[in-house]
> 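Take a look at the following structure, please.
In listed order, ligands and their atoms are each counted from 1.
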Amino acid sequence: MRWPPGWAVRYVDETGSTNADLLAAVDSGAAGDRSVVAAGHQTAGRGRLDRSWEAPPGVNLLASILFAPVPPNPSELTQRVGLAALSAARSRRPDGSFSLKWPNDVLMGDRKLAGVLAQRASGADAVVVGIGFNVGWAPDDAALLGTSHPADVLAELLQALDGQPFDIGPRYRDELATIGRTVRVTLPSGPPFEGLAVDVDGSGRLVVESAKGLRRSFEVGDVVHVRPGS
Ligand code: BT5
């Protein structure tokens, strides 16, 4: 496979988690900025909050990308990878309806096509951003791209990262289906918060305004798009 210049891509047939592999590699000094690990299969693929990421062998994109040093707003890395996945999806399916959902989903229609997981290295100034992208298979309630090879999608995603502007914020907000929607934000503890998603601030926090005018900013959380905004 020919990768865009400057990316060091390592492919493994099977591993536990590409995020875990790349975090271990950066901690041992074996990986630097623009290192990528991609796998045909993960036996312990991770989502956020210790959830699992499912994919059968060989058909989906499962990859992790190392960014170093960490930018002042680390959440921009999740935004960059989401936007690059969006570009890759559009180049494969120009007819498709793709968007982003805060904080870490790529949607096709209103279903999840890809999920992003960012993890900070413990012993280095680096962040590993993993993406699971449903190229050839998806769970029942999710979306799949179809008609592509995972390696081609990865090559396009890396190329799209190279083409992004220095300030990614405006492009991210433009592509975020969450802004302008009524959302329910759920945290691991405490009651959910419902309101209109009005913005994503410079630190990547989702700003939500309740019907009573109460504003809250969320750094993390799970979001449901309740109904279209007006
Ligand atoms: C995510 O978490 O969406 C982040 C997924 C990141 C996976 C990549 S694969 C390469 C790299 N190495 C890893 O170990 N991880 C990264 P979250 O928002 O928490 O969503 C997880 C939830 O999505 C699960 O609890 C399931 O409900 C659902 N899910 C699992 N597999 C899915 C799939 N293939 N497509 C859509 N949804 C899925």
> Report yes or no: does Gly45 have a heavy atom closer than 4.0 Å to ligand 1?
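Distance cut 4.0 Å: Gly45 passes for ligand 1.
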> Is there a polar contact, in the sense of an N or O pair closer than 3.5 Å, between Trp137 and ligand 1?
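No, since none of the N or O atoms of Trp137 sits under 3.5 Å from an N or O of ligand 1.
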> Return the CG to CH2 distance between Leu176 and Trp102, rounded to the nearest 0.5 Å.
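It comes to 9.5 Å.
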> Among all protein heavy atoms, pick out the one at the shortest distance from atom 21 (C) of ligand 1; state its residue, atom name and that distance to 0.1 Å.
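The answer is Arg51 CD, 4.0 Å.
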> Taking a cutoff of less than 4.0 Å between a non-hydrogen atom of the residue and any ligand atom, is Ala138 in contact with ligand 1?
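Contact absent.
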> Within ligand 1, which atoms have a heavy atom of Thr18 less than 4.0 Å away?
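Heavy-atom distances to Thr18 below 4.0 Å select 10 (C), 11 (C), 12 (N).
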> Kindly state if atom 14 (O) of ligand 1 has a protein heavy atom within a strict 4.0 Å cut-off, that is, under 4.0 Å?
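Yes, because at least one protein heavy atom sits under 4.0 Å from atom 14 (O) of ligand 1.
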> Any idea which heavy atoms bring Ser148 and Val135 closest together, and the distance?
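Of all heavy-atom pairs spanning Ser148 and Val135, the closest is O-CG1, 3.2 Å.
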> Please state which part of Val116 comes within less than 4.0 Å of ligand 1, counting heavy atoms only: side chain, backbone, both or neither.
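Backbone only; the side chain of Val116 stays clear of ligand 1.
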> At what distance is the nearest protein heavy atom to atom 35 (N) of ligand 1, and which residue and atom is it?
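Protein heavy atom with the smallest distance to atom 35 (N) of ligand 1: Asn134 ND2, 2.9 Å.
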> Mark the output for Leu49 as yes if a heavy-atom distance to ligand 1 is under 4.0 Å, and as no if none is.
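The answer is no, since Leu49 has no heavy atom less than 4.0 Å from ligand 1.
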> Roughly how far apart are Leu100 CG and Glu175 CD, rounded to 0.5 Å?
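Spacing of CG (Leu100) from CD (Glu175) equals 6.0 Å.
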> So, applying side chain to side chain contact (heavy atoms under 4.5 Å, CB included) with Ile65, which one of Val128, Thr18, Leu158 is it?
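Only one option passes, and that is Leu158.
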> Backbone, side chain, both or neither: what part of Arg46 comes under 4.0 angstrom of ligand 1, heavy atoms only?
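The answer is both.
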> Check ligand 1 against Ala63 and write out every atom of the ligand that is under 4.0 Å from a heavy-atom position of the residue.
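Result: 10 (C).
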> Under 4.0 Å from a heavy atom of Ala142: give me the atoms of ligand 1 that qualify, with their elements.
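Answer, ordered by atom number: 35 (N), 36 (C).
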> Checking Ser87 against Glu156: is there a side-chain donor and acceptor pair closer than 3.5 Å?
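The answer is no; no qualifying pair exists.
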> Quick one: nearest non-hydrogen protein atom to atom 38 (C) of ligand 1, plus distance?
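Going atom by atom, the protein heavy atom closest to atom 38 (C) of ligand 1 ends up being Trp53 CZ3, 3.4 Å.
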> Can any side-chain N or O of Ser210 pair as donor or acceptor with the backbone N or O of Lys212 at less than 3.5 Å?
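It does hold such a pair.
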> Do the side-chain N and O atoms of Glu54 and Ser52 include a donor-acceptor pair separated by under 3.5 angstrom?
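The criterion, which ignores hydrogens and geometry beyond distance, is satisfied for Ser52 and Glu54.
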> Who's the nearest protein heavy-atom neighbour of atom 9 (S) of ligand 1, and how far?
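Checked against all protein heavy atoms, atom 9 (S) of ligand 1 sits closest to Gln42 NE2, 3.4 Å.
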> Would Asn60 count as being in polar contact with ligand 1, using the rule that some N or O on each side must be under 3.5 angstrom apart?
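Looking only at distances, the answer is no, because the N/O contact criterion of under 3.5 Å is not met.
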> Any chain of hydrophobic side-chain contacts (each under 4.5 Å) joining Leu161 to Val153?
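Both belong to a single hydrophobic cluster.
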> So, Asn104 side chain and Thr78 main chain: donor-acceptor pair closer than 3.5 Å or not?
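Checking the backbone N and O of Thr78 against the side chain of Asn104, no donor-acceptor pair under 3.5 Å is found.
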> Return yes if a side-chain donor-acceptor contact under 3.5 Å exists between Asn19 and Ser64, otherwise no.
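Present: a donor and an acceptor within the cut-off.
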> Identify the closest protein heavy atom to atom 1 (C) of ligand 1: which residue and atom is it, and at what distance?
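Result for atom 1 (C) of ligand 1: Asn104 ND2, 3.4 Å.
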> Measuring from atom 30 (C) of ligand 1, which candidate in Ala114, Pro139, Ser52 has the nearest non-hydrogen atom?
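The option holding the nearest heavy atom is Ser52.
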> Using a 4.0 Å heavy-atom cut-off, say whether Asp222 meets ligand 1 through its side chain, its backbone, both or neither.
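Neither part.
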> Checking Lys101 side chain against Leu107 main chain: does a donor-acceptor pair fall under 3.5 Å?
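Judged by distance alone, no pair lies under 3.5 Å.
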> Less than 4.0 angstrom from a charged side-chain N to a carboxylate O is my criterion; do Glu209 and Arg215 meet it?
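The answer is yes: the pair qualifies as a salt bridge.
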> Hey, which atoms in ligand 1 end up nearer than 4.0 Å to a heavy atom of Ser64?
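Counting atoms of ligand 1 from 1, those under 4.0 Å from Ser64 are 11 (C).
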> Please state which protein non-hydrogen atom is closest to atom 31 (N) of ligand 1 and give its distance, to 0.1 Å?
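For atom 31 (N) of ligand 1, the nearest protein heavy atom is Glu54 N, 3.0 Å.
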> I need the nearest protein heavy-atom contact for atom 20 (O) of ligand 1: residue, atom name and distance, please.
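The closest one turns out to be Lys112 NZ, 3.2 Å.
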> Do Asn134 side-chain atoms and Ala143 backbone N/O form a donor-acceptor pair below 3.5 Å?
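Answer holds: yes.
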